[in-house]
Amino acid sequence: MSTRNTRWFSQALLPWYREHGRALPWRGKPDPYRVWLSEVILQQTRVDQGLAYWQRFVDRFPGVQDLAAATEGEVLKLWQGLGYYSRARNLLVAARQVVRDFRGTFPGTHAELITLKGVGDYTASAIASICFGQPDAVVDGNVYRVLARVFGIEIPVDSTEGRKRFKALAQELLDHDHPGDHNQAVMELGATVCTPKNVACLLCPVQGRCIAFASGRIDALPVKKGVAKTRDRYFNYLHIRTSNGLYLRQRTGKDIWQGLWEPPLIESGAPLTAKKLQERLGPGWQVRSRGEEAKHVLSHQVIRAVFWDVTPPKREKLDPGWKAMDAAAVRAVAVPRLIEQWLKRAGI
DNA sequence: CACGCGTGGTT
DNA sequence: TAACCAAGCGT
């Protein structure tokens with residue numbers, strides 16, 4: 001049990017936050033449903049990117065019961081373009097958990113909140129502190145950066161030891177009288193002042209006690225072990241359009257874009273020539289033209305996609321998982337950005 | 001517990 | 001440009 005003085009941190013941060021914190025729509029009167037929605041949307045996502053999505057979800061699903069009654073397809077469609085689609089699938093699962101397990105009312109403790117799918121330690125702490133005044137400190141990327149700099153901590157934040165130490169420090173610093181504002185203040189400082197690059201130390205309320213600032217180590221903190229390298233993948237999409245419409249199929253399995261729709265896909269270990277594709281498809285298929293190539297960069301993959309214009313053999317039984325869709329049907333299903341952009345360019 | 005999961009902004 | 005990073009989570 002540390003007895004060092006930690007009060008100054010919150011005492012400097014809270015007034016700054018109340019004057020400079022952004023007026024985000026879920027602040028003010030914090031309704032757990034709206035806060036939960038914002039927290040899930042903002043996982044690994046910037047406020048600027050997530051804000052419009054939050055508004056769409058609140059408009060379409062004003063309460064957790066409304067969301068619980070939705071289909072996965074509709075939730076994915078509303079989520080389209082935001083990435084990390086497991087968040088959308090888990091969002092629906094969690095909404096149904098709240099209705100079934102908690103009679104439609106969000107639970108108010110960390111232990112109960114964390115039972116919800118897609119709600120981990122961070123999100124449970126955020127909801128518990130912001131909506132229910134519980135003394136649970138949040139630790140996100142902002143908190144790692146702020147604490148590493150202010151306290152001059154060189155332990156890698158992406159290590160088991162680091163996660164443990166930063167969590168303990170954040171909990172020690174937490175203002176128990178204002179846990180929600182305190183948590184949001186640290187994150188807001190990290191998002192707007194104590195940023196990864198272009199740090200605004202001159203505007204920082206704790207500059208006077210910041211070890212990294214005093215020792216000129218702002219750019220060296222926080223320490224990270226490193227990121228996993230990316231792999232290249234080659235996607236050959238089959239553009240098949242008949243009088244029945246455009247053929248799409250839904251992605252399944254553990255791969256990317258689970259639950260989203262795309263044209264029939266042949267993945268290869270290297271770029272494919274028209275002849276090679278023809279061999280893969282088999283007799284009767286016509287490879288009419290090689291469409292544009294699109295480079296799509298994900299966090300751990302680089303996808304090089306080619307859209308091939310092909311015609312299946314007459315009277316050939318196509319894969320039953322391939323669905324012929326008219327324009328309205330295509331617009332109604334969720335597609336990855338890569339496919340969304342192709343559809344747009346192709347005028348579909 | 002190390003890894004995989006999207007997209008977009010910034011440098 | 002390639003690299004880095006963002007209000008993390010599930011497995």
Side-chain angles (χ1 to χ4, degrees), chain A residues 17 21-22 24 26-27 30 34-54 76 79-91 93-94 113-127 129-130 136-146 156-164 166-167 170 180 182-192 194-199 219 222 224-231 233 251 253-260 262 295-303 334-341:
Chain A
Y17 174 65
R22 289 168 291 182
L24 301 176
W26 50 86
R27 291 183 178 161
R34 292 155 66 101
V35 170
W36 164 69
L37 212 45
S38 77
E39 293 298 345
V40 175
I41 287 173
L42 293 184
Q43 287 167 8
Q44 297 288 282
T45 304
R46 288 186 177 79
V47 170
D48 288 344
Q49 190 187 358
L51 202 51
Y53 285 85
W54 182 85
L76 280 173
W79 198 273
Q80 176 177 307
L82 196 53
Y84 285 151
Y85 297 95
S86 66
R87 292 183 294 169
R89 300 190 302 269
N90 291 338
L91 199 69
V93 173
L113 287 163
I114 209 167
T115 66
L116 301 174
K117 197 97 180 198
V119 174
D121 181 46
Y122 163 79
T123 305
S125 298
I127 299 172
S129 63
I130 295 170
D136 297 304
V138 299
V139 183
D140 73 336
N142 292 306
V143 178
Y144 282 129
R145 188 169 54 255
V146 169
V157 297
D158 55 349
S159 65
T160 302
E161 170 72 3
R163 280 186 284 271
K164 191 175 130 195
F166 281 93
K167 174 76 180 180
H182 173 105
N183 279 334
Q184 292 179 90
V186 185
M187 294 191 286
E188 188 78 353
L189 186 73
T192 62
C194 193
T195 48
K197 305 286 180 187
N198 290 338
V199 186
D219 290 335
K224 292 193 178 180
K225 288 193 299 183
V227 294
K229 56 170 178 274
T230 63
R231 65 178 171 126
R233 299 177 75 176
R251 289 184 67 89
K254 290 190 169 66
D255 207 348
I256 56 172
W257 300 331
Q258 187 184 339
L260 277 63
E262 65 183 0
K295 180 183 174 188
H296 193 76
V297 180
L298 286 67
S299 52
H300 292 80
Q301 303 181 22
V302 177
I303 293 166
V335 298
R337 268 285 195 254
L338 171 66
I339 303 306
E340 182 185 352
Q341 289 160 357

Colleague: Check whether any side-chain heavy atom of A:V47 lies under 4.5 Å from a side-chain heavy atom of A:L42, and answer yes or no.
Modeller: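 Yes, at least one pair of side-chain atoms sits under 4.5 Å.
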
Colleague: DNA chain C: A:A124 or A:K295, which has the more 5' nearest nucleotide?
Modeller: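 Per heavy-atom nearest nucleotide, the more 5' residue is A:K295.
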
Colleague: Checking all strands, does A:L298 fall into the base, sugar-phosphate, or nothing category for heavy-atom contacts under 4.0 angstrom?
Modeller: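 Base, at least one base heavy atom under 4.0 Å.
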
Colleague: At 4.0 Å (heavy atoms only), tell me whether A:Q184 reaches a base, stays on the sugar-phosphate, or touches nothing.
Modeller: nothing

Colleague: Answer yes or no: is there a side-chain heavy-atom contact under 4.5 Å between A:L76 and A:Y85?
Modeller: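 Yes, their side chains come closer than 4.5 Å.
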
Colleague: Establish, with yes or no, whether the OP1 or OP2 oxygen of B:dG6 is under 4.0 angstrom from a side-chain nitrogen or oxygen of A:H296.
Modeller: no

Colleague: Out of B:dA2, C:dA6, B:dT11, which nucleotide sits closest to the side chain of A:K197?
Modeller: B:dT11

Colleague: By nearest atom, which of the nucleotides B:dG6, C:dA7, C:dC9 is closest to the A:A191 side chain?
Modeller: C:dA7

Colleague: Does A:Q44 make a side-chain N or O approach to OP1 or OP2 of C:dG8 shorter than 4.0 Å?
Modeller: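 Yes, such a contact exists.
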
Colleague: Taking atom P in both C:dA7 and B:dT10, compute the distance separating them and give it to the nearest angstrom.
Modeller: 13 Å

Colleague: Could you say whether A:N198 or A:Q49 is positioned toward the 5' end of DNA chain B, judged by the nucleotide with the nearest heavy atom to each?
Modeller: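 Whichever sits nearer the 5' end wins; that is A:Q49.
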
Colleague: How many whole angstroms separate atom OH of A:Y85 from atom C1' of B:dC5?
Modeller: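 Value for this atom pair: 11 Å.
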
Colleague: Write down the distance between CG (A:L51) and C1' (B:dG9), rounded to a whole number of angstrom.
Modeller: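 That distance rounds to 16 Å.
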
Colleague: Just call it for A:R233: base, sugar-phosphate, or nothing, with non-hydrogen atoms closer than 4.0 Å on any strand.
Modeller: nothing

Colleague: Closer to the 5' end of DNA chain C via nearest nucleotide, is it A:E39 or A:V119?
Modeller: A:E39

Colleague: Kindly point out which of C:dA7, B:dG8, C:dG10 is positioned nearest to the side chain of A:R46?
Modeller: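 Nearest to the side chain of A:R46 among the choices is B:dG8.
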
Colleague: Of the nucleotides C:dA7, C:dA2, C:dG8, which one has an atom closest to the side chain of A:Y84?
Modeller: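 The closest nucleotide is C:dG8.
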
Colleague: Expressed in angstrom and rounded to an integer, what is the separation of A:L189 atom CG from C:dA6 atom P?
Modeller: 14 Å

Colleague: Just to be sure I understand the rule, does A:G81 reach a base, reach only the sugar-phosphate, or reach nothing, if contact means heavy atoms closer than 4.0 Å?
Modeller: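 Sugar-phosphate: the residue A:G81, judged by heavy atoms under 4.0 Å, touches backbone atoms but no base.
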
Colleague: Would you say A:W54 places a side-chain N or O within less than 4.0 Å of OP1 or OP2 belonging to C:dA7?
Modeller: no

Colleague: Any side-chain N or O of A:Q301 less than 4.0 Å from the OP1 or OP2 oxygen of B:dC5?
Modeller: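 Affirmative; the distance criterion is met.
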
Colleague: Measure CG/A:N90 against P/B:dC5 and give the value in whole Å, please.
Modeller: 15 Å

Colleague: Taking atom P in both B:dG6 and C:dT11, what distance in whole Å separates the two?
Modeller: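 It comes out at 14 Å once rounded to the nearest Å.
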
Colleague: In whole Å, I'd like the distance from the CG atom of A:L82 to the P atom of B:dG8.
Modeller: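 Atom CG in A:L82 sits about 9 Å away from atom P in B:dG8.
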
Colleague: Can you tell me the distance, in whole Å, between the CG atom of A:L37 and the P atom of C:dA7?
Modeller: 18 Å

Colleague: When you check the phosphate oxygens OP1 and OP2 of C:dA7, does a side-chain N or O of A:R145 lie under 4.0 Å from one of them?
Modeller: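 A:R145 to C:dA7 OP1/OP2: side-chain N or O found under 4.0 Å.
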
Colleague: Does A:D121 pair with A:R163 as a salt bridge, N-O distance under 4.0 Å?
Modeller: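 Between A:R163 and A:D121 there is no salt bridge, as every charged N stays at least 4.0 Å from the carboxylate O atoms.
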
Colleague: If you measure from CG on A:L116 to OG1 on A:T123, what distance do you get to the nearest 0.5 Å?
Modeller: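 With rounding to 0.5 Å, CG (A:L116) is 10.0 Å from OG1 (A:T123).
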
Colleague: Within this structure, what is the NZ-to-C1' distance between A:K224 and C:dC4, rounded to whole angstrom?
Modeller: 8 Å

Colleague: How many whole angstroms separate atom CD of A:E161 from atom P of B:dC1?
Modeller: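 Rounding to the nearest Å, CD of A:E161 and P of B:dC1 are 12 Å apart.
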
Colleague: For the side chain of A:K117, starting at C-beta, report the closest nucleotide among C:dA7, B:dG6, C:dG10.
Modeller: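 My answer, after comparing the listed nucleotides, is C:dG10.
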
Colleague: To the nearest 0.5 Å, how far apart are CG in A:L113 and CH2 in A:W36?
Modeller: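 Spacing of CG (A:L113) from CH2 (A:W36) equals 11.0 Å.
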
Colleague: Any side-chain to backbone donor/acceptor pair from A:K167 onto A:A137? Under 3.5 Å, distance only.
Modeller: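 Checking the backbone N and O of A:A137 against the side chain of A:K167, a donor-acceptor pair under 3.5 Å is found.
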
Colleague: Reckon A:D255 touches a base, only the sugar-phosphate, or nothing at all at heavy-atom distances under 4.0 Å?
Modeller: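 Sugar-phosphate only.
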
Colleague: Tell me what A:I127 touches on the nucleic acid: a base, only sugar-phosphate, or nothing, going by heavy atoms under 4.0 Å.
Modeller: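 No contact at all - A:I127 keeps every heavy atom at 4.0 Å or more from the nucleic acid.
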
Colleague: Need the pair for B:dC1. Rule: Watson-Crick or G-U wobble, both distances under 3.5 Å, any strand; none if unpaired.
Modeller: none

Colleague: Tell me whether A:Q258 contacts the main-chain N or O of A:K254 through its side chain, where contact means a donor paired with an acceptor under 3.5 Å.
Modeller: no

Colleague: Side-chain N or O of A:T123 versus OP1/OP2 of C:dC9: is the shortest distance under 4.0 Å?
Modeller: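 Yes.
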
